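Everything quoted here is computed from the prediction, not taken from an experiment.
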Amino acid sequence: MLPLESDIVNLERVWVAYSGSDKPAMRNINLRVSAGKLMLITGPNGAGKTTLLETCLGLLKPYRGRAYLFGVDTRSWRIREARKMCSFVPQDFIKPPFEAYTVRRIIQLGFAPYKSIFESLTEKENERIQWVLELLGIEDLLDRPIGTLSGGQQQRVVIARALSRKPRALYLDEPFSSLDREGRKLVSKVVSEYVKKKGATAIIVSHDVNPIIKYADAIVRMDNGEIISGDCYA
Amino acid sequence: MLEILALALLAAVLSGNLCGAVGFYVQRLKITTLSFSVAHAALAGASLGLILNFDPVYSAMVFAISSALILGFIFTKIKYGRELVSMAIFSASSAIALFAIYMSNVRVLATASIAVVLWGSLLAVTVQKLIILVLVLILFALYILAYRMHIDSMLYDVKMAEAEGLNVQAHMLAMLFFAGVIISLSLRLTGGFLVFALLYNPVAAALQLTRKAYMQLFLSSTLGAVSASTGLVVSYALDWPVGATIAIVSSTILLLAYLFKTATEMARKRKLRNVGGPGAI
């Protein structure tokens, strides 16, 4: 199928393997996600969910097939420009107790790719950070070092960083893993509202589908590196 | 002689400062093994300079920068087994260095030309080299200040920074480039085998003393300068080899920092035990 202009992600018969491994981590994946959609990717441990997310962003390159992000081939050097329109919440976000960057600084750093030399944040950007923190109920953590926060608080901080950047595409890898029930509800609501209001796209990897399933436009189930069920075109 | 000592002292402070700072960044960016290979490439370059009659500093710089660029390029292409690649470059560079020294016409390892490459020499510092050191210091400081947000973002989480569209590869290359240049310039003072004492000991000591990233950077560069200048003065006073003396001073500082951390940690735990002990609510 020819890529459409509205496609945020387009994977065409993609195969991915980690170097040194003789077995592909992902096999023959076709996936297309357009603007304004929320896609949920689920499956057991080792199914290839994180590999899929990282392939969409071009952090992993396919050895067979083609992957496009905003119409840009992920092998192209222009992929960085496409990534600037994306936010990513990694699975391994927890920082050790000695990590001293404050919450404020960590969220400000999300704006780094938009900044040229010697440039710092504008008043408007700082106001947006404050607004997102309030939205996620962590405004009182602003000047706390990240290492002193609990896992759930740290997870909210990285989600706040992702949303502050006003991305056109959100890639969230297990965004509920450290959150309590209320936190899961809140993050699901905030993310789905962001997608609706801004016409953005969200691809969420989660083995726990409960918090977000009612907001999802498409659900893809993976196992053993393959998509085994669901709608690959959202 | 005093003029030479003053020149060497200034060079020691600048080299120590730069090595401490670049050591902090390579440690935080987890490219320590890369800088290790770059340092050995510098040693190979300096040794080849000996037999080809080039200034060892410049031949070291050419080798260090080339290896930094090659390693940086390879690292953008592969994500796993990177340490093995840098270890391969490390062993090849060491072999080149030893072959070059073997093939040079120098009969005794303590002669001045070999000492500059292997053990470091107080006499090896010239005004020209000092000016280059100052220029490198200014350039490095400008780079860090200009790209502070980009570098901080990478120090916090490289993967997240890359996913958000930051040019991580370019900054890694820049950092390795600076590491190569700084190692080449410090080589004259410490020698090729002991330059690591200025690169890694100060940052290891700083990590024992503070948890704040900016304080770690400040302490690492300060301890680097203190190690190099104290080592130089002691070596002059006791007529010891300069590189080895600097390495001993920086190792002693690291040991003291570790003992200080252990003592404060024990005191903290004792205080906690008293607070939560029998009778406490």
Interatomic spacing from [atom1] in [X] to [atom2] in [Y] - rounded to 0.5 Å:
{"X": "Lys84(A)", "Y": "Glu164(B)", "atom1": "NZ", "atom2": "CD", "result": "11.5 Å"}
{"X": "Phe118(A)", "Y": "Arg148(B)", "atom1": "CZ", "atom2": "CZ", "result": "11.5 Å"}
{"X": "Asp157(B)", "Y": "Asp92(A)", "atom1": "CG", "atom2": "CG", "result": "7.0 Å"}
{"X": "Ser116(A)", "Y": "Met149(B)", "atom1": "OG", "atom2": "CE", "result": "11.0 Å"}
{"X": "Phe98(A)", "Y": "Gln216(B)", "atom1": "CZ", "atom2": "CD", "result": "8.5 Å"}
{"X": "Tyr147(B)", "Y": "Ile117(A)", "atom1": "OH", "atom2": "CD1", "result": "5.5 Å"}

Using non-hydrogen atoms only, which part of Leu142(B) is less than 4.5 Å away from chain A: side chain, backbone, both, or neither? both

Using every non-hydrogen atom in the two residues, find where Ala112(A) and Ser153(B) come nearest and quote the distance to one decimal. CB-CB, 4.2 Å

Heavy atoms of Tyr214(B) and Arg105(A) approach each other most closely as OH-NH2, 4.3 Å

Answer yes or no: does atom [atom1] of [X] have more than 12 heavy-atom neighbours from other residues, nucleotides or ligands under 6.0 Å?
{"X": "Tyr143(B)", "atom1": "OH", "value": "yes"}
{"X": "Tyr258(B)", "atom1": "OH", "value": "no"}
{"X": "Lys61(A)", "atom1": "NZ", "value": "yes"}

Measure distances from [X] to the heavy atoms of chain B and classify the residue's part below 4.5 Å as side chain, backbone, both or neither.
{"X": "Val158(A)", "answer": "side chain"}
{"X": "Glu119(A)", "answer": "backbone"}
{"X": "Ile146(A)", "answer": "side chain"}

Donor-acceptor pair, Lys95(A) side chain versus Tyr156(B) backbone, under 3.5 Å? yes

Can you tell which of Arg211(B), Lys212(B), Arg28(B) makes a salt bridge (charged side-chain N to carboxylate O under 4.0 Å, His left out) with Glu99(A)? Arg28(B)

Does a side-chain N-to-carboxylate-O contact under 4.0 Å join Glu162(B) and Arg80(A)? no

Hey, does Tyr101(A) have a side-chain heavy atom less than 4.5 Å from the side chain of Leu155(B)? yes

